[in-house]
Number of protein chains: 2
Amino acid sequence: MAGKKKDIIDLSSTLPDIWRMLTDAEREILRSSARIVHFKKNELLYLEDDTPKDLMCLFSGKVKILKSGVGGRSQIIRIIRPVQYFGYRAYFARENYVTAAMAFESCTVCMIPMELIEKFLRRNGNLALFFIQMLSVDLGIADQRVVNLTQKHVRGRLAESLLALKESYGLEEDGATINIYLAREDLASLSNMTTSNAIRTLSNFVNERIIAIDGRKIKIIDEERLHKISRMG
Amino acid sequence: MAGKKKDIIDLSSTLPDIWRMLTDAEREILRSSARIVHFKKNELLYLEDDTPKDLMCLFSGKVKILKSGVGGRSQIIRIIRPVQYFGYRAYFARENYVTAAMAFESCTVCMIPMELIEKFLRRNGNLALFFIQMLSVDLGIADQRVVNLTQKHVRGRLAESLLALKESYGLEEDGATINIYLAREDLASLSNMTTSNAIRTLSNFVNERIIAIDGRKIKIIDEERLHKISRMG
DNA sequence: GTATATTTGTGTTTTAGAACATAGTTCTAT
DNA sequence: ATAGAACTATGTTCTAAAACACAAATATAC
């Protein structure tokens with residue numbers, strides 16, 4: 001893990017969900033234990049099989065959660081946007097990480113020791129419910145993802161990924177271009193297909209006037225059609 | 001939902017995990033609120049889009065959790081064995097069910113109102129952690145399942161399902177026959193393949209002396225080879 | 001216990017998508 | 001600024017698994 005650097009950051013505004021649920025004493029402990037860490041593009045935040053130690057909260061930048069599969073072929077399991085918490089599942093399951101996390105672009109992460117979080121939520125029902133709810137939502141998404149990735153065809157999966165990227169990272173000032181700079185390979189890994197197929201299908205979408213591409217920048221022209229393709233599979 | 005019938009059951013021995021974490025007063029409330037319900041083979045415990053109301057604990061029998069996908073094609077997302085808790089994710093996520101639950105065979109389920117569980121765990125850190133841990137483990141399994149179902153080939157997926165069934169429901173007295181009576185269609189739905197492919201691959205396994213089949217009963221002859229096939233994909 | 005429906009088994013055809021090949025283009029590091 | 005690496009694009013071939021078809025065997029209902 002590289003690029004550590006301590007910053008002065010107002011945790012009350014950057015960790016709104018958790019901060020709100022703590023007592024003053026807990027806030028003081030949190031303030032002194034939390035670390036702010038920077039990562040450069042393509043740096044790993046944690047590795048598969050690492051022991052989870054910290055709850056992470058992405059302050060800025062974009063992060064992908066990866067999982068390596070059969071024959072080392074890795075796929076993107078989910079993407080993290082500011083301000084989202086991540087990296088805590090394995091600790092709670094008493095496992096080592098089964099995924100890795102990598103920065104799509106340079107980012108800032110707040111790290112809070114999981115022991116602290118566990119101690120807090122043991123006596124704070126609201127905080128416990130907060131984590132229960134996050135896990136429950138994520139589990140629902142994971143179940144949905146199983147069905148989507150196994151049943152939808154290439155076009156449906158790619159359409160879905162484009163919509164998910166738009167949902168997570170939003171659009172640029174033009175109100176149409178997805179606000180992320182992504183290699184075709186990443187788009188493929190997110191949609192569970194080969195890079196060739198991502199490229200081919202992307203240019204089909206261009207021909208059909210559903211999207212427009214300028215290098216890695218993708219502009220959504222006909223979102224309704226994208227939704228339809230995603231729904232139909 | 002059909003087949004309700006009240007029984008006298010010793011909750012302290014049938015709900016060991018949760019019971020152990022409660023105070024006497026809470027136990028009394030739980031005792032008076034919990035209902036025991038029977039379901040016959042193929043009966044639905046809950047439906048997709050139902051509003052979740054109860055935490056369910058499977059006392060006896062076998063249950064499958066289903067999710068309908070593209071074009072109504074449904075697949076088995078996970079299987080429940082005694083004594084496992086289920087049906088609570090959607091409540092915590094403040095969603096309706098995105099899955100359905102069906103009895104593989106006749107079964108007995110304990111239903112506990114989720115409002116009660118939420119109240120208890122708000123002031124009981126251990127209980128909260130219990131749910132956090134269950135969700136965390138299940139989320140890890142779901143992530144693994146995404147990779148397995150999308151990257152492994154038919155043989156690998158079927159081998160994996162057979163091992164999962166053995167893990168969940170165990171073996172019969174002969175120490176080799178998987179203790180579940182399952183249609184090929186269910187086996188296919190669990191392994192994300194067509195029924196034809198499940199049948200075909202199953203008879204390939206028979207020819208290779210990896211398993212033996214007698215109607216719907218499957219006997220594992222060479223478990224090591226099954227593990228290997230599952231691992232290789 | 002018999003009739004009907006469902007499930008199982010197997011062969012054949014079709015197809016989506018992977019694998020491979022190769023060229024042009026765009027990053028990125030020095 | 002330039003060389004080398006990585007990425008993008010597109011055509012071609014190959015293959016795993018779906019789709020389809022039908023007969024035989026079992027289950028289930030009456």
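So you know, we letter chains A, B, ... as the sequences are listed, proteins then strands, and number each from 1. Given the structure is predicted, the values throughout are model-derived calculations rather than measurements.
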- Message: With no hydrogens and no angle check, just 3.5 Å: does a side-chain donor-acceptor pair link B:E160 and B:S191?
- Response: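 Side-chain D/A pair, B:E160 to B:S191: absent.
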
- Message: We want to know whether A:T177 and A:D174 form a side-chain donor-acceptor pair, criterion being a heavy-atom distance below 3.5 angstrom.
- Response: yes

Interatomic distance, [X] [atom1] vs [N] [atom2] [rounded to whole Å]:
{"X": "A:K217", "N": "D:dT8", "atom1": "NZ", "atom2": "P", "answer": "14 Å"}
{"X": "A:Q151", "N": "C:dA16", "atom1": "CD", "atom2": "C1'", "answer": "16 Å"}
{"X": "B:D214", "N": "C:dT8", "atom1": "CG", "atom2": "C1'", "answer": "14 Å"}
{"X": "B:L187", "N": "C:dT7", "atom1": "CG", "atom2": "C1'", "answer": "13 Å"}
{"X": "A:I199", "N": "C:dC20", "atom1": "CD1", "atom2": "P", "answer": "16 Å"}
{"X": "A:L202", "N": "D:dT8", "atom1": "CG", "atom2": "P", "answer": "10 Å"}

- May I ask you to check if A:K62 and A:Y169 form a cation-pi contact, with NZ or CZ under 6.0 angstrom from the six-membered ring centre and within 45° of the axis? yes

- Item | CZ (B:R209) with more than 12 external heavy atoms under 6.0 Å |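 Open.
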
- Can you measure from CD (A:E185) to CG (A:L182) and round to the nearest 0.5 angstrom? 10.0 Å

- Any B:K64 side-chain heavy atom under 4.5 Å of B:I80 side chain: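 Sidechains of B:I80 and B:K64: no contact.
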
- Task: For the residue pair B:T201 and B:V154, establish whether any side-chain heavy-atom pair is separated by less than 4.5 Å.
- Result: yes

- Message: Based on the rotation axes of five pairs at each end, what angle does the helix from C:dG1-D:dC30 to C:dT30-D:dA1 bend through, to 10°?
- Response: 70°

- Item | Heavy-atom protein contacts under 4.0 Å, nucleotides 16-30 of chain D, coded B base, S sugar-phosphate only, - none | -SSBB------S---

- For a side-chain contact (heavy atoms from CB on, under 4.5 Å) with A:F86, tell me which candidate from A:I65, A:D138, A:T99 qualifies.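 Between A:F86 and the candidates, side-chain contact (heavy atoms from CB on, under 4.5 Å) is satisfied uniquely by A:I65.
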
- Taking the side chain of A:R184 as its heavy atoms from C-beta onward, which of D:dA9, D:dC7, C:dG9 lies nearest to it? D:dA9

